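Written below as structure tokens is the structure these notes are about.
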2 protein chains.
Amino acid sequence: MKKGERRRAELLERLADHLLTHGLQGASLRPLAAAVGTSDRMLLHYFGDKEELLTASLTLVSQRLITMLDAARLEPLPIDALLTMLAGMVKDPHVRPYMRLWLELLPLAAGGQAPFHTIAQRISATLRGWIADTLQVDTEEQRELLAALTLTIIEGFVMFDALGDDEVPAAALAGLKLKMA
Amino acid sequence: MKKGERRRAELLERLADHLLTHGLQGASLRPLAAAVGTSDRMLLHYFGDKEELLTASLTLVSQRLITMLDAARLEPLPIDALLTMLAGMVKDPHVRPYMRLWLELLPLAAGGQAPFHTIAQRISATLRGWIADTLQVDTEEQRELLAALTLTIIEGFVMFDALGDDEVPAAALAGLKLKMA
DNA sequence: TGTTTTTTGTAGCAGTTGCTACATTTTATA
DNA sequence: TATAAAATGTAGCAACTGCTACAAAAAACA
């Protein structure tokens, strides 16, 4: 790998770090550059323009998320146990930054706005796949349907976590177990 | 009502309209002023500063939502029927603008940022209350729990609608009915 | 070593941001 | 009608936005 590529990759890692800790809001070139130890001039040199910079950074972020999920592979769980586990995971300090970024991504992705729409879709699909793989089901026909349900509920949990609301997810979880009893 | 108050109220209505159709993104003073037929100068005259302007406008938006929900009061429905209904409602052209604004509000509300946190909380509580009132339950103890579950799932549906994804909500709905059968 | 790329610095441009100072017109009040 | 108050227009400021022109230093290559 040439020196230029190495430098670009290094900046990219730091950009991903910074987006995870500080979000997209206020992610303009000069503050971003300062945070990763370079100048706006150099960011544009390595990434062309801001859109490509964000595309590359967010792509790396979602790759990291995928890696995390792969590493966290665990034995199959029935839906209620999986939901309980995920409800906690979503608030984990290692995971929450991803969820916050995801939350910021959504309004930008609404309406198909590039590049956010594409990135958001990939993340959504990844989560769905991981959940489907991890779910323990009675019959295989159920797998995709229950994965969709699980993902939907987890997305809701992410929203309530952003509001600082722990009660609703807890109640929702209780409500689900109630109906499935 | 004095002339000033009347004018302020009129501008407020138009600001709410504009936020519903165009969102918070790009809602800076000059474009906003042009959209509602006045100048940035006058917006600041009537609202003091931008934060107060947004607080007032978003408060009006959430009041409109409450009014809509009150008007849409309907006979009690069991959770799966209510979810099916709400899944459609969320995509209704009259409702979707509120959901999109809600989606934009969430990342701003994350971390307790004023005034967005307060407004988002009120909206969340309103939705939850409406759902609880509309749910048909076997026993009253179930009401709050199932309302929380319903709200959580609907929030998830709002997210997928932003992604242009109809499949996941449909599958989730099927998954839920499956588990409750 | 000499030459051509690549990398980096400095400076700045044109547009936007929230907001303000100052002046004028219009309205309400006495 | 005279005076105070509220409403509105014009202009601009300082900070920030993404991005670019120009030039020097450093590295790669011949």
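This one's a predicted model, so the numbers in the text were calculated from it and none came from an experiment. Each chain gets a letter, A, B and so on, in the order its sequence line appears, and its residues count up from 1.
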Among dG18(C), dT8(D), dC19(D), the nucleotide that comes nearest once only the side chain of Arg30(B) is considered: dG18(C)

Rounded interatomic separation in angstrom, taking CG from Leu11(B) and C1' from dT8(D): 12 Å

Phosphate OP1/OP2 of dT7(C): any Tyr46(A) side-chain N/O under 4.0 Å: no

Distance in angstrom units between Glu52(B) CD and dG18(C) P, rounded: 15 Å

Nearest-angstrom distance from the residue atom CG of Asp49(B) to P of dT17(C): 17 Å

Length of the line joining Leu29(B):CG and dG15(C):C1', which is rounded to integer Å: 16 Å

Distance, nearest 0.5 Å, that separates OG1 of Thr59(A) from CG of Leu12(A): 8.5 Å

Distance in angstrom units between Asp40(A) CG and dT8(C) C1', rounded: 12 Å

Short side-chain to backbone donor-acceptor contact, Ser124(B) and Ala120(B), under 3.5 Å: no

Minimum-distance nucleotide (side-chain atoms of Leu44(B) versus dT8(C), dG18(D), dT20(C)): dT20(C)

Protein-nucleotide distance (Arg6(A), atom CZ; dA27(D), atom P), rounded to Å: 11 Å

Greater than 12 external heavy atoms within 6.0 Å of Gln25(B)'s CD: no

Overall bend - the helix from dT1(C)-dA30(D) to dA30(C)-dT1(D), comparing terminal axes fitted on five pairs, nearest 10 degrees: 10°

Between C1' of dT20(C) and CE of Met42(B), the distance in whole Å: 14 Å

Glu13(A) and Arg64(A) ion-paired at < 4.0 Å: yes

Arg41(A) CZ to dC19(D) C1', straight-line distance once rounded to whole Å: 10 Å

Selected nucleotide, minimal atom distance to Lys50(B) side chain, candidates dT10(D), dG18(C), dA7(D): dG18(C)

Straight-line distance of Leu149(A) CG to Ile79(A) CD1, nearest 0.5 Å: 4.5 Å

Distance (rounded to the nearest 0.5 Å) between Ile123(B) CD1 and Leu69(B) CG: 10.5 Å

Leu15(B) with Ile66(B), same ILVMFWY side-chain cluster at under 4.5 Å: no

